[in-house]
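Right, one structure below, let's go through it.
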Amino acid sequence: MKKFFTHEYIDTQIVFIEKCKELLKEKYKKIPKFYLHSYGCQGNVSEGEKIEGILNQIGFMKTENVESADIVILNTCAIREKAQEKVFSNIGNILNLKMKNKEKIIGICGCMVQQEHVKNRIETNFKEINLVFGPHVIHKLPEMLYNVLLKIKKQYIDINEKENIEENIPILRGSKIKALVPISYGCNNFCSYCIVPYVKGRERSRDFNVILDEVKNLVESGYKEIMLLGQNVNSYGIDLDLKDGFANLLYEINKIKGDFWVRFMTSHPKDFSKKLVDVISTCDKVCKHFHLPIQSGCDRILKEMNRKYDKKRYLEIIEYTKEKIKDATFTTDIIVGFPGETYEEFKETLDIVKRVEYISIFNFIFSKRVGTKAEKMQDLVPKEEKTRWINELIDMQNEISLKLNKKYVGKEEIVLFEGLKNTGEDFMVGRTDKNILVCCEKKEDRIGKFCRVKIKKANRTMLEGELVD
Ligand code: SF4
């Protein structure tokens with residue numbers, strides 16, 4: 001059995017934190033501020049919370065104002081080409097700010113910089129960026145920052161891969177209601193279109209009891225929703241020789257005393273087991289929403305994608321889940337226009353969407369990622385054609401979402417309210433355990449609470465309701 005846990009942060013980085021604190025006192029007249037923006041998935045947001053925790057421990061205060069920040073960090077995502085180019089355009093904007101304030105420290109981190117060609121581009125064209133570091137070395141931020149503050153290195157780059165897990169890194173959580181808890185890092189699956197295994201490394205599971213303790217502490221400090229994170233939560237614990245690791249983890253978390261919900265993201269259909277469904281069906285705190293990325297409904301394309309399941313297996317687990325958990329809801333990810341896909345094959349995906357009836361889907365037009373197997377595949381379908389396909393998919397899904405949401409009208413649902421609606425102050429929004437968005441008239445004291453709501457109206461994205469008590 002492999003053990004991946006270290007305490008390098010505690011052992012070595014604490015020294016650099018103290019050294020940085022001394023330097024901050026000399027350098028800044030008032031409390032220095034940091035600005036951090038995380039792109040991409042919840043896993044990346046969770047890593048951003050660790051970076052914020054470290055900066056906070058060093059003595060920086062968080063600001064939402066990029067101009068006034070003494071240190072600006074962009075925590076990037078490599079999943080899609082478009083997102084990557086957006087980061088480069090934002091780097092340009094931030095470097096303009098640095099022209100006005102030469103002392104501003106700029107850092108770029110996350111999956112994007114873990115790619116050699118991106119690192120080289122930054123090294124060659126963006127010499128004003130002070131810190132460049134990948135997701136494997138977040139815990140070394142105090143040491144890197146110390147070097148930058150002392151101007152020992154003009155540009156500090158560390159994208160070394162470490163196949164271990166650093167525990168005890170401080171976390172500055174972005175919410176007081178919902179907490180992100182990674183249970184594993186990296187991925188072993190090498191889906192042919194995906195860059196994640198190359199930038200995040202092989203799958204490493206966190207220690208079972210360490211996760212349980214973290215969740216216990218979060219619940220005790222008032223968190224109402226725990227989101228367990230992993231590229232493939234269903235294979236949690238395999239590297240630790242745990243049998244049914246994820247099912248057992250959910251079972252134990254469910255036993256923790258308190259009023260809270262548990263969600264998880266993301267599942268892989270090849271590892272999603274009947275045993276897991278059986279366990280979830282008995283766990284009252286585990287939400288009955290399943291995000292099960294299908295990616296394509298065509299067996300030939302699934303094979304080309306290296307997904308290691310076929311349509312039959314996927315539908316079997318959906319059917320089993322629907323049988324065991326009557327009101328379960330499903331969401332999925334779909335890639336449209338994978339290299340070589342024909343319209344007939346795409347129609348098989350439409351067929352799955354119709355059969356499963358997802359409450360919503362995340363759909364993407366295929367985008368080539370440098371270094372993946374799919375990068376070399378011939379892609380003959382024109383962009384306009386793919387756009388036509390994706391619009392067909394969206395239209396179909398919109399009808400399904402509306403149909404499913406309308407079923408809730410007249411019913412009572414438990415909703416965890418998370419905050420106010422973006423567009424105004426008069427409504428608050430939350431989610432049901434089925435992950436359906438609900439809005440209600442604002443009552444500040446209900447935010448962060450589970451409330452009974454009578455559903456009055458539904459559209460395809462949201463339910464509207466009234467508080468029952
Ligand atoms: S399971 Fe596939 S799509 Fe998901 S992170 Fe791993 S390689 Fe990427």
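Quick note: residue numbers are just sequence positions, from 1. Given the structure is predicted, the values throughout are model-derived calculations rather than measurements. Note that ligands are numbered from 1 as they come in the structure, with each ligand's atoms numbered from 1 the same way. Hydrogens, waters and symmetry mates are skipped; everything else that's a heavy atom, side chains included, is used.
- Contact residues for ligand 1 (protein heavy atom closer than 4.0 angstrom to any ligand atom): C187, N189, F190, C191, Y193, C194, V196, P197, Q231, H268, R307.
- Residue pairs meeting the side-chain hydrogen bond (donor to acceptor under 3.5 Å, both in side chains) criterion with at least one member in residues 218-230, sequence neighbours excluded, are E225-R263.
- S281 contributes no side-chain N or O that, together with a main-chain N or O of K324, makes up a donor-acceptor pair within less than 3.5 Å.
- Using a 4.0 Å cut-off between charged nitrogen and carboxylate oxygen, R369 and E375 do not count as a salt-bridge pair.
- Taking the six-membered ring where the residue is Trp, Y358 and Y314 present tilted rings, their angle falling between 30° and 60°.
- For the pair R80 and F366, the cation-pi criterion (under 6.0 Å, within 45° of the ring axis) is not fulfilled.
- The existence of a salt bridge linking E214 and R173 is confirmed by a sub-4.0 Å separation between a basic side-chain nitrogen and an acidic carboxylate oxygen.
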